2 protein chains.
Amino acid sequence: MTETVQDSRHRLIEAMADLLWERGYAATSPRDVMSAAGVGQGSLYHHFSGKHELAVEAMRANVATAMADNPEPTGDGPALVDIEDRLLRPRPGTRGCRVGRMTQDPKVVEDPEMLGIVSDAFDTMTARWRRLVTAAVQQGELPDDLDAQQLADTLSAVIQGGYVLSRARGSQEPMDSAVHGMVALLQAASTHQARPDGPVAPDIHPQDIHPHEEQS
Amino acid sequence: MTETVQDSRHRLIEAMADLLWERGYAATSPRDVMSAAGVGQGSLYHHFSGKHELAVEAMRANVATAMADNPEPTGDGPALVDIEDRLLRPRPGTRGCRVGRMTQDPKVVEDPEMLGIVSDAFDTMTARWRRLVTAAVQQGELPDDLDAQQLADTLSAVIQGGYVLSRARGSQEPMDSAVHGMVALLQAASTHQARPDGPVAPDIHPQDIHPHEEQS
DNA sequence: GTCTATACATAGATAGAC
DNA sequence: GTCTATCTATGTATAGAC
């Protein structure tokens with residue numbers, strides 16, 4: 001709006017977003033945020049009603065970042081390859097997931113507004129997985145008796161669980177191991193045992209294709 | 001040791017164990033624990049040096065509970081069935097995992113003693129999964145090019161991620177969906193497409209069978 | 001808009017009576 | 001062994017100067 005575009009406000013949101021990721025909501029104090037943002041007491045309570053309102057803004061920012069890191073698939077190319085690429089995308093195991101982390105904070109889960117942000121984010125992410133699974137089934141790359149919603153939840157869970165394992169061991173290794181195990185299992189389940197290259201003819205019944213129903 | 005066997009001490013550990021599960025370490029205050037245990041200030045600091053020492057004891061108790069809920073497999077019967085049974089065991093999705101929950105608490109992860117307890121627990125759990133996978137491969141129920149350690153991490157991750165999804169949505173459903181998706185994928189990957197009943201002859205190379213190397 | 005000063009509750013632990 | 005004060009530091013927010 002103004003010329004300087006409320007620099008302190010942005011700094012506070014960025015700082016809170018990082019601290020939410022690193023320590024969670026309950027363990028982050030207003031003082032921590034102001035210190036990290038390099039602003040005084042007054043700025044926080046001028047721009048926000050308090051810690052809660054600032055955290056809501058910061059949580060939305062973290063969700064936006066997570067979304068951008070795992071965007072809606074383009075849909076050209078074989079879907080199974082898209083699934084594998086998505087699984088193998090680099091992820092900072094020991095730092096944890098910006099969004100999934102929030103689910104362990106009782107203060108977040110008890111708050112409808114904050115929980116809603118997290119819940120919607122997972123709905124969106126799972127929907128992206130589900131469309132990829134549906135496409136892979138339609139392209140004949142996965143057995144057609146697989147339930148797309150279930151497998152989408154499984155794929156989301158592998159990622160989220162990978163973060164938990166990596167934090168428990170203080171190492172990136174379990175995250176990488178878990179996603180590679182999932183890739184191997186998908187390939188084992190694939191009806192096309194070892195497709196060398198080239199696209200696949202969508203030779204199976206084109207039934208359940210719902211390309212856009214993000215969120216709920 | 002004594003006759004009354006330190007009732008307050010046990011009550012404190014039980015109360016702390018529940019609160020660690022429900023709220024985590026950082027968000028649980030000594031007062032909360034004493035109140036839940038129904039004891040006064042003095043008891044806690046008589047039996048323990050402070051919150052940290054009590055939490056360590058309580059964390060060990062939670063690990064023991066989690067272990068007992070998912071015991072070392074017996075090893076008779078088809079391993080793939082054991083894997084599926086273990087996946088489908090009832091789990092309180094919205095409450096989260098007593099052990100995995102700890103990994104999101106920076107205070108826990110930064111503390112070598114507490115992190116060690118959690119880390120060892122995951123090592124043990126993953127080792128149980130790994131032996132089941134190895135057995136299933138040997139019995140010819142899963143393709144022998146699967147990496148047992150990787151798939152074990154995947155299985156652990158599905159459980160831990162299921163908890164995260166269930167807490168995000170405030171519903172048991174995603175946990176159940178995720179594990180069912182994993183079961184379906186395992187069946188799709190199974191080299192025995194639909195074995196009606198009866199045991200399986202272990203007709204494949206009996207090579208890599210390491211029955212006992214719990215922990216590290 | 002941003003700062004410093006202040007206020008009040010809670011976290012975590014200690015002191016000392018019984 | 002267990003209790004009730006008590007203590008210091010921090011969390012969270014307000015007041016008011018600039």
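Everything numeric in this text was worked out from a predicted model, so none of it was measured. To find a chain, count down the sequence lines: A is the first, B the second, and so on, and within it residues start at 1.
A:P106 and B:R101 make their closest contact through CD-NH2, 3.5 Å (heavy atoms, listed as atom of the first residue, atom of the second, distance).
Among residues at least two apart or in separate chains, there is no salt bridge (Lys or Arg N to Asp or Glu O under 4.0 Å) pair with a member in residues 84-95 of chain A.
As a whole-Å value, the separation of A:L19 CG from D:dT12 P is 12 Å. One interatomic measurement links the two molecules: CG of B:L44 to P of C:dA15, which rounds to 16 Å at whole-angstrom precision. Atom C1' of nucleotide D:dT2 and atom CE of B:M34 are separated by 12 Å, given to the nearest angstrom. Summarising the geometry, the separation between NZ on A:K107 and P on D:dG11 is reported as 13 Å, rounded to the nearest angstrom. Rounded to an integer number of Å, the gap from B:F48 CZ to C:dT14 P is 15 Å. At whole-Å resolution of the value, NE2 in A:H46 and C1' in C:dT4 are 17 Å apart. The nearest whole Å value for the distance from the CG atom in B:D32 to the P atom in C:dG12 is 8 Å.
One finds no side-chain N or O of A:S29 lying less than 4.0 angstrom from the OP1 or OP2 phosphate oxygen of D:dT10. In terms of phosphate contacts, A:S8 brings a side-chain nitrogen or oxygen within less than 4.0 Å of OP1 or OP2 of C:dT2. For A:H47 and C:dT2, the shortest distance from a side-chain N or O to OP1 or OP2 is below 4.0 Å.
Remark: A:E14 pairs with no residue by the side chain to side chain contact (heavy atoms under 4.5 Å, CB included) rule, at least two apart or across chains.
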Which donor-acceptor pairs under 3.5 Å do side chains of residues 152-163 of chain A form with protein atoms, sequence neighbours excluded?
from, atom 1, to, atom 2, distance (Å)
A:D153, OD2, A:Q149, NE2, 3.3
A:D153, OD2, B:S177, OG, 2.7
A:T154, OG1, A:Q150, O, 3.0
A:T154, OG1, B:A178, O, 2.7
A:T154, OG1, B:M182, N, 3.3
A:S156, OG, A:T126, OG1, 3.4

In a table with atom names and distances, give each donor-acceptor pair under 3.5 Å that connects a side chain of residues 30-44 of chain B to protein atoms at least two apart or in another chain.
from, atom 1, to, atom 2, distance (Å)
B:D32, OD1, B:S29, OG, 3.4
B:D32, OD2, B:R23, NH1, 3.1
B:D32, OD2, B:S29, N, 3.1
B:D32, OD2, B:S29, OG, 3.1

Expected list for residues 53-67 of chain B: side-chain donor-acceptor pairs under 3.5 angstrom, two or more places apart:
from, atom 1, to, atom 2, distance (Å)
B:E53, OE1, B:S49, OG, 3.0
B:N62, ND2, B:A17, O, 3.0
B:T65, OG1, B:A61, O, 3.1

Checklist entry - Could you write nucleotides 13-18 of chain D as a row of B, S and -, 5' to 3', where a protein heavy atom under 4.0 Å of any base atom gives B, of only sugar-phosphate atoms gives S, and otherwise -? => result BB----
